[in-house]
Q: 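One structure, as structure tokens, below. Some questions next.
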Amino acid sequence: MPSTSFIRLDAVHKTYRLGETTVPALRGASLELRRGEFTALVGPSGSGKSTLLNMIGCIDEPDQGAVLVEGRDVAHLSDDERSQLRNEKIGFIFQSFNLVPVLDVYENVELPLLINDRIAASERHDRVLQAIRDVELDQYVHHAPDKLSGGQRQRVAIARALVTSPLLVLADEPTANLDSGTAHRLIDLMLALNAQRHVTFFFSTHDEKLMARVARTVYITDGVISGDTAAEPA
Ligand code: ADP
Ligand code: MG
């Protein structure tokens with residue numbers, strides 16, 4: 001059976017306007033991600049990494065070009081379909097963790113499931129605890145984020161991204177605020193979740209040491225894809 005590509009970007013352009021000036025963030029970026037892949041997106045600061053991830057995550061939309069998820073152009077989805085894609089099929093992990101400080105670990109992880117009223121309370125409870133177990137934070141279920149280390153907070157963010165059982169997890173420089181040992185353990189955890197739960201990961205970084213840990217690296221420079229280890233001959 002021919003498989004349609006999982007995620008595809010076709011010549012995506014995005015320009016930000018700041019008063020009189022325009023800032024081109026993406027200038028014809030094209031890319032394909034296959035289901036189950038674990039891919040790093042690498043480029044200097046300002047090269048368009050966050051903009052690219054936001055396009056795939058339907059947080060922002062292209063000026064030109066298209067983003068296709070499972071063969072469907074996301075621009076042609078209804079508002080409901082697009083929010084369902086964003087809320088249930090794609091998990092996000094941000095550099096600054098973005099946890100809600102007044103909520104404990106359990107409540108932070110539960111948040112994405114509260115948007116979806118079709119999930120019964122008992123199933124929600126099971127899923128939240130499973131996601132917390134998956135990131136090995138069982139001992140911290142009722143801790144507030146400010147009682148946790150940076151690495152633990154980022155693991156809460158991973159649990160929150162995984163609790164909806166998304167097809168894809170996008171992570172924007174998830175290790176940028178972590179020391180090197182903690183960063184490597186976080187990658188270990190993401191690799192294990194990729195292998196065991198078949199979660200597709202696409203994460204940006206500019207840490208050379210982390211690139212060596214991943215199967216595929218996509219390079220971005222000045223808003224275009226400038227290299228891709230998957231495209232190189234073996
Ligand atoms: P990276 O994540 O690789 O650092 P970004 O995607 O954040 O790159 O930014 C790409 C370019 O777009 C940069 O020049 C940045 O200054 C600009 N940019 C990003 N977001 C905005 C915005 N909301 N308004 C104006 N310019 C932006
Ligand atoms: Mg960025």
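One-based numbering, in listed order, for ligands and for the atoms of each.
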Q: Under a 3.5 Å cutoff, is there a donor and acceptor pairing between the side chains of H198 and R35?
A: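 Side-chain D/A pair, H198 to R35: absent.
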Q: Determine the interplanar angle of the Y140 and H143 rings, folded into 0 to 90°, and report it as parallel if under 30°, tilted if 30 to 60°, perpendicular if over 60°.
A: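 It falls in the perpendicular class, over 60°.
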Q: May I ask whether G43 has any heavy atom positioned less than 4.0 angstrom from an atom of ligand 1?
A: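 Outside the 4.0 Å threshold, so no.
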Q: Could you go through the side chain to side chain contact (heavy atoms under 4.5 Å, CB included) check for T39 and F203 one step at a time?
A: CA-CA 7 Å; T39 308; F203 75 103; over 6 Å; no
Q: May I ask you to identify the nearest protein heavy atom to atom 7 (O) of ligand 1, giving residue, atom name and distance to one decimal place in Å?
A: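 Among all protein heavy atoms, the one nearest atom 7 (O) of ligand 1 is S50 CB, 3.7 Å.
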Q: Identify the closest protein heavy atom to atom 18 (N) of ligand 1: which residue and atom is it, and at what distance?
A: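 The closest heavy atom on the protein side is Y16 CD1, 3.4 Å.
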Q: Please check whether K49 reaches ligand 1 - meaning an N/O of the residue sits under 3.5 Å from an N/O of the ligand, judged on distance alone.
A: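 Yes, K49 has an N/O under 3.5 Å of an N/O on ligand 1.
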Q: Between Q130 and D134, is there a side-chain donor-acceptor contact under 3.5 Å, judged purely by atom types and distance?
A: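 Short answer, yes.
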Q: Quick one: do the D10 and S30 side chains pair a donor with an acceptor below 3.5 Å?
A: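 The criterion, which ignores hydrogens and geometry beyond distance, is not satisfied for S30 and D10.
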Q: L18 heavy atoms, cut-off 4.0 Å: which ligand 1 atoms fall inside?
A: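 Selected atoms, number and element: 25 (C).
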Q: Just to confirm my output: which protein heavy-atom neighbour is closest to atom 15 (C) of ligand 1, and how far is it?
A: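 That would be V23 CG1, 4.4 Å.
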Q: Just need the protein heavy atom nearest to atom 8 (O) of ligand 1, so name the residue and atom and give the distance.
A: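 Scanning the protein heavy atoms, the shortest distance from atom 8 (O) of ligand 1 goes to G48 N, 3.1 Å.
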Q: Cut-off 3.5 Å, side chains only: do N98 and S96 have a donor facing an acceptor?
A: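 Yes, S96 and N98 have a side-chain donor paired with an acceptor closer than 3.5 Å.
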Q: Heavy-atom contacts with P44 under 4.0 Å: which atoms of ligand 1 show up? List them by number with element.
A: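 Atoms satisfying the 4.0 Å criterion: 3 (O).
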Q: Does some side-chain heavy atom of I119 sit less than 4.5 Å from a side-chain heavy atom of R127?
A: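 Side-chain contact under 4.5 Å: yes.
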Q: Counting both backbone and side chain atoms, is some N or O of P24 under 3.5 Å from an N or O of ligand 1?
A: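 No - when backbone and side-chain N and O of P24 are compared with those of ligand 1, no distance drops under 3.5 Å.
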Q: Judging by distance only, is a nitrogen or oxygen of G46 under 3.5 angstrom from one on ligand 1?
A: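 Yes; the residue has a nitrogen or oxygen that sits under 3.5 Å from a nitrogen or oxygen of the ligand.
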Q: Is the distance from the Mg ion (ligand 2) to the nearest N/O/S atom of S50 under 2.8 Å?
A: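 An N, O or S atom of S50 is closer than 2.8 Å to the Mg ion (ligand 2), so yes.
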Q: By the definition side-chain contact (heavy atoms from CB on, under 4.5 Å), identify the one residue from I158, L193, I93 that meets it with V169.
A: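 The residue from I158, L193, I93 that satisfies side-chain contact (heavy atoms from CB on, under 4.5 Å) with V169 turns out to be I93.
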Q: At what distance is the nearest protein heavy atom to atom 12 (O) of ligand 1, and which residue and atom is it?
A: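 Ranked first by proximity to atom 12 (O) of ligand 1 is A25 CB, 3.4 Å.
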Q: Tell me: protein heavy atom nearest atom 9 (O) of ligand 1, and distance?
A: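 Looking only at protein heavy atoms, the one closest to atom 9 (O) of ligand 1 is T51 OG1, 3.9 Å.
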Q: Can D63 and H13 be counted as having a side-chain donor-acceptor contact under 3.5 angstrom?
A: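 D63 vs H13: no donor-acceptor pair found between side chains.
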